[in-house]
Amino acid sequence: MLLASPSSALTTTTTQSRIFAGLQTTPLVRASDATPTTLTSEWRQNTPFGVADETAVHAAQLRDVVLPATPSGKVFFVGVGSSLAAQEFASQLDIDPALCFADEGGAAGDALGLEKGMKTMWNPPAVDNMMGRNDEASLKALGEAYKSAADNIGLKKLAPEKIKDTLRQGGTFVFKGDTLLLEHYDEKVGDNCLIEDIIKTLN
């Protein structure tokens, strides 16, 4: 499993246990069949495994760079919202829906201690950096994907049911079995884990 942040310190045993327990006990809804499941039931004990609770921009980078670089591992994509939104996310970004999960109501995010609230929304430098990592064509493609998703299922169904859940940030976690190798918490919008750190941890 995996996790990333260039500045992440080695997590304590207590924190590691809390994170794993949160994943083990908090059900998510799998996009491929709308079935409730826990992420810890989705990987083998010694298989590197990554959880990314991320923006579409970061998810596209994970799809294009991390997935091809980790043939022996798995990368799971988790987003706040409904299973229908997760299905549409998988379709628009051409990601296997069996790897995409809906965190309805943000229960998994709370269990992992992810950031949330208005204080996390204003971060121009990080957004500028995020945009700088993507060329104009890829950003345009993502914008079109959002528009197509909204056209297909409606903006109301695409967004989380509760307005406050749109103020949630994500994170990236890497495990091998139940051992936490890397963790990254997005403190604000655009504060995504570096792709290079994820690959380094997986390999």
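Residue numbers start at 1 and run along the sequence shown.
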*Hey, does D186 have a side-chain heavy atom less than 4.5 Å from the side chain of N192?*
yes
*For residues C193 and I198, report the shortest heavy-atom separation together with the two atoms involved.*
SG-CG1, 3.5 Å
*Interatomic spacing from OG1 in T37 to CG in L28 - rounded to 0.5 Å*: 8.0 Å
*A86: side-chain contact (heavy atoms from CB on, under 4.5 Å) partners, not counting sequence neighbours*: A31, A102
*Are side-chain heavy atoms of L112 and L23 found at a separation under 4.5 Å?*
yes
*asked:* Hydrophobic cluster membership, with links at side-chain heavy-atom distances under 4.5 Å among I/L/V/M/F/W/Y: are V29 and L99 in one?
replied: no
*Identify the two heavy atoms, one from V80 and one from G106, that lie closest to each other, and give their separation to 0.1 Å.*
CG1-N, 4.3 Å
*Identify which one of T172, D64, V66 satisfies the side chain to side chain contact (heavy atoms under 4.5 Å, CB included) criterion when paired with I195.*
V66
_Listed partners of A21 passing side-chain contact (heavy atoms from CB on, under 4.5 Å), at least two apart_ = none
*If Ile, Leu, Val, Met, Phe, Trp and Tyr residues are connected whenever their side-chain heavy atoms lie under 4.5 Å apart, and connections chain through other members, are V75 and L181 in the same group?*
yes
*Kindly give the heavy-atom pair with the smallest separation between A34 and P36, and that separation in Å.*
O-CD, 3.7 Å
*Rounded to the nearest 0.5 Å, how far does OG1 of T26 lie from CG of L39?*
9.5 Å
*asked:* Main chain of A111, side chain of R18: is a donor-acceptor contact present, judged purely on distance under 3.5 Å?
replied: yes
*Residues in side-chain contact (heavy atoms from CB on, under 4.5 Å) contact with T25, at least two apart in sequence or another chain*: none
*Any donor-acceptor N/O pair, T201 side chain to D197 backbone, under 3.5 Å*: yes
*CD of Q24 to OG1 of T40: how many Å apart, nearest 0.5 Å?*
4.5 Å
*Presence of salt bridge, R168 and D110, under 4.0 angstrom*: yes
*If you measure from CG on D96 to CZ on R63, what distance do you get to the nearest 0.5 Å?*
13.0 Å
*Applying side-chain contact (heavy atoms from CB on, under 4.5 Å), run through T35 and R30 and close with a yes or a no.*
CA-CA 5 Å; T35 299; R30 189 166 49 222; 3.8 Å; yes
